[in-house]
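To find a chain, count down the sequence lines: A is the first, B the second, and so on, and within it residues start at 1.
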Amino acid sequence: MSDPATPLNGAHYAGYVTIAEAAPRGMITLRGDLGDKGFAKVVKAVTGLALPGQREFAAKGDFAVAWMSPDELLVLCTYDRANAVVADLTAQLGDLHSLAVNVSDARALIEITGDDAREVLAKLAPVDLSPGAFGPGQIRRSRLAQVPAAFWMTDTGFQLVCFRSVADYVFEALSTVAQPGSRVGALV
Amino acid sequence: MLILRCPYCGVSGEETEFHAGGEAHLKRFGPGSSDAEFEAYLFQRENPKGVHFERWRHVNGCGKWFHAARCTATLEVFGTYPAQSTEPPADLRKAISAKRPGWKWREFS
Amino acid sequence: MARRRYSVFALAREALRYHAGWERAWNSPAPKSRYDVIIIGAGGHGLATAYYLGKNFGITNVAVLEKGWLGGGNTGRNTTIIRSNYLQDPSAAIYEKARSLYETMSQDLNMNVMFSPRGVIMLAQTEHEVRGYQRTAHANSLQGVQTEFISPARVKQLVPIMNIDGPRYPVLGGLWQERGGTARHDAVAWGYARACSGMGMDIIQQCEVTGIRREGGKVTGVTTTRGDIGCSKLGIVVAGHSGVMAEKAGFRLPIESLALQALVSEPIKPCMDVVVMANTVHGYMSQSDKGEMVIGGGTDGFNNYTQRGSFHHIEETLRALVETFPVISRLKMLRQWGGIVDMTGDRSPIISKTPLGGCFVNCGWGTGGFKAIPGSGWAMAELIAKGEPGPLAAEFGLNRFAEGRFIDESVAAGVAH
Amino acid sequence: MSRRIQQGGRLIDRAQRESFAFNGRQMSGFAGDTLASALLANDQMMMGRSFKYHRPRGPVASGAEEPNALVGLSAGARFEPNQRTTTTEIYTGLTARSQNHWPSLDYDIGALNGFLSPFLPAGFYYKTFMHPRPLWKALFEPVIRHSAGLGKAPTEGDADRYEHFYFFADVMIVGGGIAGLQAALAAGRAGAKVLLIEQTAHWGGRAPVDGVMIGGKPADEWIAATLDTLNAMDNVTLRSRTMGAGVYDHGYALAYERCEDAVPQARGPRHRLWRVRAGQIITATGAIERPLSFPGNDVPGVMLASAVRDYLVNWAVAVGKRTVIVTNNDDAYRTAIALHDAGEAVPVIVDARPDAKGPLPERARALGIRIEQGCGLSGVKGGKRVTGAQICRQSGAGAVIEEVPCDAIAMSGGWSPVVHLWSHCGGKLTWDDAQAHFRPDPSRPPIGHDGAGFVIAAGSANGEMLAGACLQDGDAAGKAAIKALGLKAKGGAIAQAEAEGEHPMMPVWLMPADATPELKMKIFLDYQNDVKLSDVQLAAREGYESVEHTKRYTTLGMATDQGKLSNINGLAALSQALGADIPDVGTTTFRPPYTPISIGSIAGEARGPIFQPIRQTPMHAWHSENGADFEPVGQWRRPYCYLRDGETRADAVTREVRNTRQAVGLLDASTLGKLVVKGPDAGKLLDLVYTNMMSTLKPGNCRYGLMCNDNGFLIDDGVVARIDDQTFLCHTTTGGAERIHAHLEEWLQTEWWDMQAYVANLTEQYAQIAVVGPKARTVLEKLGGMDVGRDTLPFMGWAEGELAGIPARVYRISFSGELSFEVAVPASRGQEFWNKCLAAGAEFGIMPYGTEALHVLRAEKGFIMIGDETDGTVIPQDLGLNWAISKKKDDFIGKRAQQRSHMTDPNRWKLVGLETLDGTPLEDGAYAIAEGTNANGQRKTQGRVTSTYYSPTLDRGIAMGLVLNGPDRMGEVLEFTRTDRPPQHARIVDAVFYDKEGEKQNV
């Protein structure tokens, strides 16, 4: 199958941090009772990852699982396998009341990398991004300028998901505040 | 610019992460109710200058609805709790009584 | 008791003696033991009610009780916009009555309230808004309200500093009311107070009503921080605190109290001659005679009595206005403030009898109170004097909520500022 | 004359000259100069004209409180009016122009107002300009407006950019004076995350200027050492040129950073607005000196004593050659001594107190400076510049004892703590009799989210006027904040500060005490707004007794300095006029911001392309490249039509409609909401949220549904497809996707939380493309991969498979009345599918159509459109949609509401079709006129147009409308309003204008 058209066509901006669209990723919204043992088993079986705790983000191999709400997870996998993973989850969950849907195309995935990635994000999101307050292994859903977004940390900075239709807006907003000469230097 | 703590995801976020949903613990009246009951359900509000129980949604967050007990005269937030409750938790009511002796709000006080 | 008239000649006379001869604008008596009518709230609406009780019905044994200082509530906190280009008949009727009374208010009250019919434009920035305002223009033409839907070019001509082809929301036209405008809000309250005093009414400030006395389902008076005062009729006109006062009277209202914010820029030389309202982007702006750009913000979503709103509303409003009027970006915000408005279930006001006999309520003007002051007072005075609403107030009764008979202005893609 | 002196100037770098222009005249100063200090160094004392009387004015202060010396800075897209020269750092290339005068600063016609001033007392305009009525708007108001206002309005957009920054701190400290620094030390040592901000470019506040010694060394050394200590702490952030603009609820505070004002050509943002959330806020904002109220106290050259000292010590500028000091306290003697030490002449110190014998006066005496006790000034000689001071007895009526030639007067009426930030969020004040000022009342602080106070005042902002006490108080504040945060305070020594003790000041609100009315009319309280002592007395006389009334009546304290200099003096004048005590009269409310902040900084990054999000479908780029004329629909942009060469919008719409009816059209319907609802109770939920029955829908089928709110009004509509036993896919309107998703979640979470149903919003997962028209099936069959035949995929059915190798779900639904397939493909394949449709359909004349054609097509079929036929006041029954309202259900959202008397009123307006007699379309929003008028004299109406279009198919105007008893009045002709023209006649007809039997969509 042909390469999927990503929301930003691989857009890239090098300011005093780098803003770039990430490679396409499979994304699955999985809803169910996170307190249910059977549910956790299935997640483990399919992703190889234990159920994340509140606002945790766990990654291993091709998979990552993020805690979105008390009854929702975001499962990340390779883009091409998303439908298969949905089918797998649905089958294994069986009668357990749950919902698994492929949302890979409904989202944009953007990377913010560089030493000052934290403060660039902190110009648009009302979140304490100082190292003491936010770090690897966590996910935060919040507001980015005027739209909802969720982000977590990588070795080089952040990955951020937002809705596909506002990908341009988010990319432009991040690029605007990442322009050279805009460094604050207060979140080290 | 309020700070509220979402009881579901544990985030203490600023107001712009949330959406205010008006008075909490309204009993819905449907078909079969009297005009007075139905009007009261839709429109009559406590709107007190003081302790107020209200609904909020963590719209730029986990998306969950929750309840907050807040003073409309000082904006002090006494506490938040899940929306799946028909009345404020006892411990919260006790805490409010300690701070606002003699507070009244519908049948809970 | 009649006040000495204000005029240029009086000014000249006083100038020669260091203005030592000016008398008090209004008296400040101790409360009598009872009055025919007590009005709670010496804001614009309360004072106007008292004024028309005297002027239209000869009822002058009236006290207006104010817990703080007269005109100190929303009357002194709004953005002074006056317009009547409403969609629904009942709204258009009372706001147009108010607007027409503003036209002659300075002369009627012998106090220059600086009513300035400079014109009000409501911008249409989406196809949907265009249709909404065209509908309003049609309705207004049958309501006797002079409005027209104008072209973007005309908008630009009226407001040269406006960016009419903004990248986000180009201006597609506007609803133009040439005889809308602004007035000096404080002077409206002061003028009514002075005129009421002139008719022998008592305006009692620093007098907080702590209870409402009742007997057999009828009001008999009020208890206040300055003692008990009897009355046979009571008017509650306390925007922002209507719910609190209603509770004292033993009934509830379909009202929530919210904070509404406004701000002004530093004064600059005249650059905008009309009032502009941009509802799609939620911003409205006019320039005061002093030169400040007067800007209105949005309401908070949560109940609040602190007269302090949340800053992000100021931010959203200014964002929108910088986009619409790029030249204001380098002006500075001088002062921001908030007021408490009461919002009803349909965002339209209440001028109504209440479950308590002899007690009448005037509230729920939301964000649109100032422009209504004279009409509201006129209708409330008639309601109190006759005990039954006249045509202006008829549709604004409390009963409409039970009947599902709403007066909803939001349908015209407009917000009721 | 004022001039630069040879030695000193702790803030200037004499090695670096900066040249700038004032009113076109080239001048130069040093790096570190403010525009005010540089202008004074060039002997430019007069810097502006006052607001009302256009009086000549020079700077009276040296900082943020300056009311007079405002200028217009720069030009074009960087022009900024009303900027204070006292807080503007100069740089080479800076251009400034003075304001509010014509033709020039020196010769201003407006100054005539000054001569008329006896006729223009406070509020004169309330008393006149009333007759004849039309003249107010035509003449009086324009004259007033043009003489009012200060700087010119900018004429261009803003060339600079701005940004926000969210910052979270345990302790935010506002003010980098010694109290703030000491507070930062205390909080920083305890490990708290500290933000310390200072509005100027320099740390240390007044202490160095006042010659304070700390720990035996000059204050500057302690400040430098303390900054080193703080900079070494990872948990402490220091920010200069950053002003605490406002304190808001729950520890929210605005800090206004001027990043590039000093270097406007740089690439960075001009201003950065910090949105700080702090656990505790310490306001170490210092104090502001008060002017004295004596006749002529506004003549250029009359200045605050502290300002004279600042210009001398900080910028090596002597404001005058001969400076008379007038005071009611010891502090002003510091200015006298500093001038004397710098070799400047101080002919006399005029002290209102009967005897001045504190250590400072004694030092002055020892230096041989003449001191006149119990005296004041009853006049100032000079117009555009002080030439002399007239000394009188303070106790008398102002008889002149002696006239002392001088070119500057340094005045001090005592000090007022800066309590603005303390007060913004509800902190209360208490009156300090000894120092005659208001200071924060620690027992009534602003209340935070937890009900505890979150603001602590420190140093002179807290009424501590001596350096030693400021350090102690700053330390205490820092520790109190730590305690409030539940942290453990660490020790750490507090340096001792030595400065001469001060003897009590004597409150002087009027100088001389028994000034005649004539003198009172020369005493200025509010310099910028020209409010005089006589104005305040007039206000009191006329009954404007509340301080708010007086403020509003006289405009006292309403100028751009917001009364920083005038409030207390005005308040005192008012309380004297009322015979009341100052604390009983009370203060006006302090509003944010502390000093004005740029509107651009508040708007932040959100301008131009990112003013607001523009939502785009996967085919958005194609649309814009192919002539799309977009219209905003919520945050989406949708093609209104696709313009071809030479076409008008109307031409394009006509072409698109005809082509869709006759051949085949392509619509980007991706914006329609797509909500999946899954669970054992999914059907039950949908039965409650839709007016019709959804639980009976069979998998594989679609059903049109209506949603109301619990107030009964129609809020959304769309087609529901049942995917499987437990799963439904609900389509909403474009505007409805998020709104209805939230609506469902709200009911599930807050009312029916025992129901087992999950909702997910899949709107953006799919590109949805409608292939519409007689040739639609042929096109899909050419794409191949699925059987879309009439039997396998009947009307109101759906099927899943692949089209042209792309996974697709095909819904056989029609909003146009034509044979129509809505195809959902993954968003990432949307453009690919769109292209394939165009290619496959080329031979059949396929072309895309926009939202307007969509509207016309649906109107020809009498389909309603949410937002046109509905406006929030319409119930389904009004639209003849009773067939879609289940009678079987005991309950659905809106059912009870629709039983209320007004909703069941037989006289509600009902939906009908409308056909004009002359064939031209009705006007949008036109009303149907009825006979007579109502009780308010308004013409009665009997209906209104909800949608009106030119129908290319019928080649005539068609419309839908709501009409009184409409359905029972078929064939009747009504009169509809028309703009500026006689009414238009239209006949009531069936709303379905085209293919009444619905054969075409069924083929």
[X] versus chain D, the contacting section by heavy-atom distance below 4.5 Å:
X	answer
C:His312	neither
C:Ala320	both
C:Asn110	both
C:Gln205	side chain
C:Asp186	side chain
C:Phe311	side chain
C:Met272	backbone
C:Gln206	neither
C:Ala137	neither
C:Phe9	neither
C:Val322	side chain
C:Ser310	neither
C:Gln134	both
C:Arg184	side chain

Does the distance from a Lys or Arg side-chain N to an Asp or Glu carboxylate O, for D:Glu548 and D:Arg552, drop under 4.0 Å? yes
Quick check: D:Tyr126 with D:Tyr553 (ring centres under 6.0 Å apart)?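 Aromatic pair counts; centres sit under 6.0 Å.
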Heavy-atom distances under 4.5 Å only: say whether D:Tyr248 touches chain C with side chain, backbone, both or neither.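 When you check distances to chain C, only side chain atoms of D:Tyr248 fall under 4.5 Å.
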Based on non-hydrogen pairs under 4.5 Å, which of [options] is most in contact with chain C?
options	value
D:Arg541, D:Lys520, D:Lys152, D:Gln537	D:Arg541
D:Gly872, D:Pro142, D:Pro81	D:Pro81
D:Leu538, D:Ile614, D:Thr128, D:Asp158	D:Asp158

Within 45 degrees of the ring normal and closer than 6.0 Å to the centroid, is that where the cationic atom of C:Lys290 sits relative to D:Phe51? yes
Give me the ring orientation class for D:Phe129 and D:Trp136: parallel if the planes are under 30° apart, tilted from 30 to 60°, perpendicular past 60°.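 Tilted: the ring planes of D:Phe129 and D:Trp136 meet at 30° to 60°.
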